[in-house]
Amino acid sequence: MTSDRKTAIAAYKERKTFAGVFVIRCKASSETWVGQTPNLEKIQNRIWFTLRQGSHTCRTLQAAWTAHGPDSLTFGECERLEDEDTPYIRDALLKERAVYWRSELNAEAV
């Protein structure tokens, strides 16, 4: 392995991830879903993959994807959380903020 590749791998492993709350909206049906994640940068790919496979656990989101197609859904961030070293505190804060955003946007949980 070259030193450039080793450096690139090390930088990838040390990159910072951001926890937060996200929103998915359907333009066609005006439905909204809010969820929380410890890694905002990867969650959209994970959700879109399960939707393409027809296996997403949120049935209403899967139904919107199936009925209206991927172009009708948009993904956005509601909020990024500050760094928190303790996973328990981070998870509790994520749940609290997701409840707030669901209420604020009149959204369903995803």
Exercise for the section: Give the minimum heavy-atom separation between R25 and W33, together with the two atoms involved. Expected result: C-CZ3, 4.5 Å
Practice task
May I ask whether L40 and V21 are part of the same hydrophobic cluster, defined by side-chain heavy atoms of I, L, V, M, F, W, Y residues being less than 4.5 angstrom apart, directly or through others?
Solution key: no
Practice task
Report yes if some heavy atom in the side chain of L105 is under 4.5 Å from a heavy atom in the side chain of C78; otherwise report no.
Solution key: yes
Practice task
Give a yes or no on whether Q53 atom CD has more than 12 heavy-atom contacts from other residues, nucleotides or ligands under 6.0 Å away.
Solution key: yes
Exercise for the section: Please determine if R52 forms a cation-pi arrangement with F49, meaning its NZ or CZ atom is less than 6.0 Å from the six-membered ring centre and no more than 45° off the ring axis. Expected result: no
Practice task
Considering non-hydrogen atoms only, spot the tightest contact between Q62 and H56 and give its length.
Solution key: OE1-N, 3.1 Å
Problem - Heavy-atom pair with the smallest gap, counting every atom of E31 and A64 - result: OE1-CB, 3.9 Å
Practice task
Starting at CG of D71, measure out to SG of C26 and round the result to the nearest 0.5 Å.
Solution key: 11.0 Å
Fill in the blank from the handout: Rounding to 0.5 Å, atoms CG (L61) and OG1 (T66) come to a distance of 9.0 Å
Exercise for the section: Mind checking the NZ-OG1 spacing from K42 to T37? Nearest 0.5 Å is all I need. Expected result: 10.0 Å
Exercise for the section: Could you tell me which non-hydrogen atom of V110 sits nearest to which non-hydrogen atom of F22, and how far apart they are? Expected result: CG1-CE1, 3.6 Å
Problem - Point-to-point distance, once rounded to the nearest 0.5 Å, from OG1 of T86 to CG of D91 - result: 10.5 Å
Practice task
Classify the side-chain pair T60/E108 by whether it contains a donor and acceptor separated by less than 3.5 Å.
Solution key: yes
Exercise for the section: Kindly indicate whether the side chain of V99, heavy atoms from C-beta on, has any atom under 4.5 Å from the side chain of K95. Expected result: no
Problem - Side-chain donor-acceptor contact under 3.5 Å, Q36 with R90 - result: no
Practice task
Could you state whether I43 and F18 fall into the same hydrophobic cluster, counting links through intermediate Ile, Leu, Val, Met, Phe, Trp or Tyr residues with side-chain heavy atoms under 4.5 angstrom apart?
Solution key: no
Practice task
Please round to the nearest 0.5 Å and tell me the distance separating atom CG of L81 and atom CG of L93.
Solution key: 5.0 Å
Completion exercise
Closest heavy-atom pair, P38 versus T17, reported as atoms and distance to 0.1 Å, is O-OG1, 4.2 Å
Problem - V23-F75 co-clustered via ILVMFWY side chain contacts under 4.5 Å - result: no
Problem - Which residues share a ring-ring contact (aromatic ring centres under 6.0 Å, His included) with W65, sequence neighbours left out - result: W48
Exercise for the section: Give a yes or no answer on whether the side chain of R102 reaches the backbone of V34 with a donor-acceptor pair at less than 3.5 Å. Expected result: yes
Practice task
Enter the distance from E41:CD to E77:CD here, rounded to the nearest 0.5 Å.
Solution key: 8.0 Å
